[in-house]
Amino acid sequence: MHRLDEAARVRTNIAVDSKVHGRLAKMAKKNRSTVYEVTNSCLSVCAEAAERGLTMDEIRGQVLIWYATKNLDVVLLPGKVIEYMVNQLYPAKKQEMASLFEEAGADVGEYFKIKGLTFQDVLEMARLGYASIGLRDISVVKRSATKIVVSIYGLLLGKSATEVGLKFVEGLMNEFGLIVVGSELAEGAVKITFEARSPLP
């Protein structure tokens, strides 16, 4: 790691939680660096992201999404391109498309579990990084010990794309033991009621 010249250093006191300091010290040891250098690097990255308009929650969301999808076969495409392709195929291959998206959701859910992510981790990733995965908003309301309602907005725009998006979410949630017991769809929005096999945390 590049070392800053002594002249470029500004002496100041920064108070950090003992657990945070421990994590920084561990990172420094792993990178054969100093706590000063690791701290300066972390603060520089966060400052640059903030200057570009990202909030701390959005930065955390990006980290979670990157970690969760690092080894997945994910391709970044504009939403209108995906929507066009779905709209062209869905009328002729409705059942096949629904099965494909549900299977894809299940594959992602299984991958998340292998990486050690919990259902709460997935919700946190969606809450903090929804804009990065093509959504305008997402909310989760707990109705009982085993039932939650998830509302998703901006699931592309057309009805066909919304329907296959729902199947993807179903496949993903099923892997975490949640079954769809009700849903309401409109273009670009879906409200899904899930029932868990065991009490939710």
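Residue indices begin at 1 and follow the sequence shown.
Residues Val150 and Thr193 have side chains not in contact (no heavy-atom distance under 4.5 Å, counting atoms from C-beta outward). Counting heavy atoms from C-beta on, the side chains of Phe168 and Val108 come closer than 4.5 Å. With a 4.5 Å cut-off on side-chain heavy atoms, Leu178 and Phe119 count as touching. Contact check for Glu124 versus Arg60: side-chain heavy atoms found under the 4.5 Å cut-off. No side-chain heavy atom of Ile192 sits under 4.5 Å from any side-chain heavy atom of Glu184. With a 4.5 Å cut-off on side-chain heavy atoms, Val86 and Phe101 count as touching. In this structure the side chain of Leu117 never reaches within 4.5 angstrom of the side chain of Tyr111, judged on heavy atoms. Inter-residue side-chain proximity for Met27 and Cys42 is flagged as met; some heavy-atom pair is nearer than 4.5 Å.
In Lys113, the NZ atom is crowded: over 12 heavy atoms of neighbouring residues, nucleotides or ligands sit closer than 6.0 Å. More than 12 heavy-atom neighbours from other residues, nucleotides or ligands sit within 6.0 angstrom of NZ on Lys115. More than 12 heavy atoms of other shown residues, nucleotides or ligands fall within 6.0 angstrom of atom CD in Gln120.
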Margin query: Val169 vs Ile152, test: side chain to side chain contact (heavy atoms under 4.5 Å, CB included). Steps then yes/no.
Written below: CA-CA 10 Å; Val169 174; Ile152 306 172; 4.0 Å; yes

Next item on the list: Carefully, step by step, assess Val190 and Ser151 under the rule side chain to side chain contact (heavy atoms under 4.5 Å, CB included).
Entry: CA-CA 6 Å; Val190 60; Ser151 299; over 6 Å; no

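Under the 4.5 Å side-chain contact rule for hydrophobic residues, Met85 and Leu166 share a cluster. Under a hydrophobic clustering in which Ile, Leu, Val, Met, Phe, Trp and Tyr are joined whenever their side-chain heavy atoms come within less than 4.5 Å, directly or via other members, Val140 and Phe176 fall into the same cluster. Transitive grouping of hydrophobic side chains (ILVMFWY, heavy atoms separated by less than 4.5 Å) brings Val16 and Leu43 into a common cluster. Neither Leu100 nor Met173 shares a network with the other; the hydrophobic side chains, linked directly or stepwise wherever heavy atoms of I, L, V, M, F, W or Y lie under 4.5 Å apart, form separate groups for each. Linking ILVMFWY residues whenever their side-chain heavy atoms come closer than 4.5 Å, directly or via other members, places Met97 and Val81 in the same cluster.
When atom types are taken as modelled, the side chain of Glu175 and the backbone of Leu172 share no donor-acceptor pair closer than 3.5 angstrom. Looking at Asp17, its side chain does come within 3.5 Å of a backbone N or O of Lys19 through a donor-acceptor pair. At least one donor-acceptor pair closer than 3.5 Å links the side chain of Asn87 to the backbone N or O of Glu83. A donor-acceptor contact shorter than 3.5 Å links the side chain of Ser99 to the backbone of Gln95. Glu48 places no side-chain N or O within 3.5 Å of a backbone atom of Val45 that could act as its donor or acceptor partner. For the pair Asp107 (side chain) and Ala104 (backbone), a donor-acceptor distance under 3.5 Å is absent.
Residues Glu163 and Lys167 are not paired through a salt bridge, judged by the lack of any N-O separation under 4.0 Å between the basic side chain and the carboxylate.
Annotation: the span from Glu110 atom CD to Glu103 atom CD amounts to 10.5 Å, rounded to 0.5 Å. Taking OG of Ser44 as the start and CD of Glu37 as the end, the distance is 11.5 Å to the nearest 0.5 Å. Between the CG atom in Asp121 and the CZ atom in Phe112 there is a gap of 10.0 Å [rounded to 0.5 Å]. Expressed to the nearest 0.5 Å, how far OH of Tyr153 lies from OG1 of Thr162 amounts to 12.5 Å. Atom CD of Glu195 sits about 5.0 Å away from atom NZ of Lys147, to the nearest 0.5 Å.
Hydrophobic cluster of Ile59: the remaining members, joined at side-chain heavy-atom separations below 4.5 Å, are Leu54, Met56, listed by chain and number.
Shown here for Arg197 and Gly177, the closest heavy-atom pair between the two residues is NH1-CA, 2.9 Å. When all heavy atoms are compared, the tightest approach of Asn174 to Val180 is OD1-N, 4.5 Å.
A search for side-chain contact (heavy atoms from CB on, under 4.5 Å) contacts involving Lys26 returns nothing, not counting sequence neighbours.
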